[in-house]
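Below is one structure, written out as structure tokens, with a few remarks after it.
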Amino acid sequence: MNFTVVGYWHGYPEAGEATSGYLLEANGYRVLIDCGSGVISNLARYISVNDVDAVVLSHHHHDHAADAQVLHYHRILRHYNEGGERPLTIYTHDEDEAFANQLSAPPFVERGTYTSEAPLQLGPFQFTFTKSDHPVPTYAMRVEHTDGTLFYTADTGYMAELAEAGKDADLFVAECSLYAGQDGSHIGHINSEEAAKLAEQANAKQLLLTHLPHFGNHEDLQTEASKVFSGTVDVAVSGWTFSFTKS
Ligand SMILES: [Zn+2]
Ligand SMILES: [Zn+2]
């Protein structure tokens, strides 16, 4: 199982880059976790956009979902220009039907629904969802595969339940919108120390900080998190990859 950072910015993308989007690949199956602004353009650096089998959206803020409907246009134009478009399903929660209905464009794009009540099997991946602390309905994701376990906090304020949901993850991907000491609880975001605390409590092997701020020095985020988390800490950049291997 391979994980690639397609985009990692909070809110809006810097030049040539993207907001939240992460590619997960295994056994020839490809899932895009979140699909924010600039993700489709940047995805083409790694795979053919036609090769995406499914998209799973953590929530509907534009920095996580703006390019989801752009994928419609890709599949439609592919159909009329080249043919051979791959079936695509976009999965989201069912707490905002107006938005979710816009994700469906049969026969090119199907809309799928997930809940925190039951696991979702997508190809070789099993997803389970935990509601996070954010101004709109948002879900953290645990993804299990025979190669290992990924956990993604999505956007969230600090909540200890996420450490439980991410227990023993090989890679713990945490949003990190703020620097140590900055309080994001009123806007549903965590800082570097809180991200590291969650990963430490989860007994995760490795921490990736993402959803990064447009101010300050990102190296400081790594320094701050390393004081709290005992494993390896990385800070997202475009194209950052992680290979899960059976231990
Ligand atoms: Zn958000
Ligand atoms: Zn966000």
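The first residue of the sequence shown is numbered 1, and numbering continues consecutively from there. Computed from heavy atoms alone, side chains included, the values below leave out hydrogens, waters and symmetry copies. Counting convention: from 1, in listed order, for ligands and their atoms alike.
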Mind checking ring-ring contact (aromatic ring centres under 6.0 Å, His included) for H62 and listing every partner two or more places apart, or none if nothing turns up? none
For R111, is there an ion pair with E97 - N to carboxylate O distance below 4.0 angstrom? yes
Test of understanding: with salt bridge (Lys or Arg N to Asp or Glu O under 4.0 Å), list the residues that count as partners of E25, not counting sequence neighbours. R30
Cation-pi check, K205 to F172: give yes when NZ or CZ is under 6.0 Å from the six-membered ring centre and within 45° of the ring axis, no otherwise. no
Across all chains, not counting sequence neighbours, the salt bridge (Lys or Arg N to Asp or Glu O under 4.0 Å) partners of E161 are none
Check whether S226 reaches the backbone of Q222 with its side chain - one donor and one acceptor, N or O, closer than 3.5 Å. yes
If you draw a sphere of radius 2.8 Å around the Zn ion (ligand 2), how many protein N/O/S atoms end up strictly inside it? 4
